[in-house]
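Worksheet: one structure, shown below.
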Amino acid sequence: MKQNVVIVTTGRTGSSWLENCFKDKLGYNVCRISTSELRGNEFEFLADTDLEQRIEFLKTYKTPWVCKLIVDDWDYFPLHQLAEIENTQMVWVWRKDTVDFLLSYAMGVKTRVFNVSEAQHNYTTPDTIELEPWQRKEFARMIEIRDRHWEYYNHLFDHVLEYSTMFENNPWNFTAGDALGKLNKYTPEHIEQAKAILETL
């Protein structure tokens, strides 16, 4: 029997690629219980339920399923309750390179294109990155919440995937071409811009 999968991550870590690999290569059902991902899809009916009810729904959802949780949605989501679901493995996905992480975040908020599937054929990486003060605070908050979750819940994870190596090295032998590809290409100028922004955080 295939194990259900809970992917725990912040945004901008390659988690959509991983989720799509489970869906497209292994035939997993995709389930949404994260508030930011409920609107406008088949799981929107869960938007008015509390977390306990969403977890109960997950326990009865058709298996095998993959569920991605964006941990910048909630502080201290009760991950231990998900880890206790029968036949379920927990996967932590993160991006170690903070410069690369900020670039990905900045490109997304600037273009409003976050995945290859959302890009038009004429998409090109913007030459400059710009972040409003509130967006800089949001990025810093993402890192803070990520670190708090890892500190508090790291013992629950069956697998830990880091962005720079996960496309070539993961327990399920997924390859980079199995799902969504990489969207942006960064120049040395992009990297210098990102470093300058990071110095202000």
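Index from 1, following the sequence.
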*First locate atom CG of Leu46, then atom OG1 of Thr35, and finally report the distance between them rounded to the nearest 0.5 Å.*
10.0 Å
*How many angstroms lie between atom OG1 of Thr98 and atom NZ of Lys195, to the nearest 0.5 angstrom?*
11.5 Å
*asked:* Is the shortest side-chain heavy-atom distance between Tyr28 and Thr63 below 4.5 Å?
replied: no
*Do Val8 and Leu82 come within less than 4.5 Å of each other through their side chains, counting heavy atoms only?*
no
*Under 3.5 Å, side chain of Glu132 to main-chain N/O of Trp134, donor-acceptor pair present?*
no
*asked:* Could you tell me if the side chain of His190 sits less than 4.5 Å from the side chain of Lys185, heavy atoms only?
replied: no
*Side-chain donor/acceptor of Lys25 to backbone N/O of Trp172, under 3.5 Å*: no
_Please check: side-chain N/O of Gln53 versus main-chain N/O of Thr49, any donor-acceptor pairing under 3.5 Å?_
no
*Partners meeting ring-ring contact (aromatic ring centres under 6.0 Å, His included) with Tyr105 (sequence neighbours left out)*: Phe139
*Are Cys67 and Thr88 close enough that some pair of their side-chain heavy atoms sits under 4.5 Å apart?*
no
*Taking C-beta and beyond as the side chain, do Val30 and Trp65 meet within less than 4.5 Å on heavy atoms?*
no
*Is there a donor-acceptor contact under 3.5 Å linking the side chains of Asn184 and Tyr123?*
yes
*Where the side chain of Asn169 meets the backbone of Met166, is there a donor-acceptor pair that is under 3.5 Å apart?*
no
*Below 4.0 angstrom, N of the basic side chain to O of the carboxylate: do Glu19 and Lys23 qualify?*
no
_Please report the interatomic distance OH(Tyr153) to CG(Leu79), rounded to the nearest 0.5 Å._
5.0 Å
*Which of these, Val160, Val6, Asp158, Leu18, sits in a side chain to side chain contact (heavy atoms under 4.5 Å, CB included) with Val91?*
Leu18
*CD of Glu168: more than 12 outside heavy atoms within 6.0 angstrom?*
yes
*For Glu144 and Arg148, what are the C-alpha separation, side-chain angles and deciding distance, and is it a salt bridge (Lys or Arg N to Asp or Glu O under 4.0 Å)?*
CA-CA 6 Å; Glu144 179 183 2; Arg148 286 183 180 179; 2.6 Å; yes
*Arg95 side chain vs Glu162 backbone, donor-acceptor pair below 3.5 Å*: no
*Return the orientation label for the Phe157 and Trp92 ring planes: parallel under 30°, perpendicular over 60°, tilted otherwise.*
tilted
*asked:* Please enumerate all residues that pass side chain to side chain donor-acceptor pair (under 3.5 Å) together with Glu42, with sequence neighbours excluded.
replied: none
*How about Thr9 and Lys68: do any of their side-chain heavy atoms sit closer than 4.5 Å?*
yes
*Residues Glu56, Lys59: salt bridge by 4.0 Å N-O rule*: yes
*Check step by step if side-chain contact (heavy atoms from CB on, under 4.5 Å) holds for Arg54 and Asp50.*
CA-CA 6 Å; Arg54 294 178 197 181; Asp50 61 31; over 6 Å; no
*Please find out if less than 6.0 Å separates the ring center of Trp94 from that of His149.*
no
*Looking only at atom types and distance, does a side-chain atom of Lys110 sit under 3.5 Å from a main-chain N or O of Thr128, one as donor and one as acceptor?*
yes
*asked:* Quick check: do Ile7 and Val5 have side-chain heavy atoms less than 4.5 Å from each other?
replied: yes
*asked:* Looking only at the side chains, is there a donor atom on one of Gln135 and Glu130 sitting less than 3.5 Å from an acceptor on the other?
replied: no
*Is the side chain of Tyr186 donor-acceptor paired with the backbone N or O of Ser104 at a distance under 3.5 Å, no angle test?*
yes
*Whether Asn154 side chain and Trp150 backbone form a donor-acceptor pair below 3.5 Å*: yes
*Assess the pair Phe167 and Trp17: is the distance between their ring centroids shorter than 6.0 Å?*
yes
_Donor-acceptor pair, side chain of Glu44 and main chain of Arg39, under 3.5 angstrom_ = no
*Taking the side chain as C-beta and beyond, is there a heavy-atom pair between Val66 and Cys31 under 4.5 Å?*
no
_Other residues, nucleotides, ligands: >12 heavy atoms within 6.0 Å of Lys137 NZ_ = no
*Partner set under side-chain contact (heavy atoms from CB on, under 4.5 Å) for Thr124, not counting sequence neighbours*: none
_Nearest non-hydrogen partners of Thr13 and Tyr163, listed with the distance_ = O-CD1, 3.1 Å
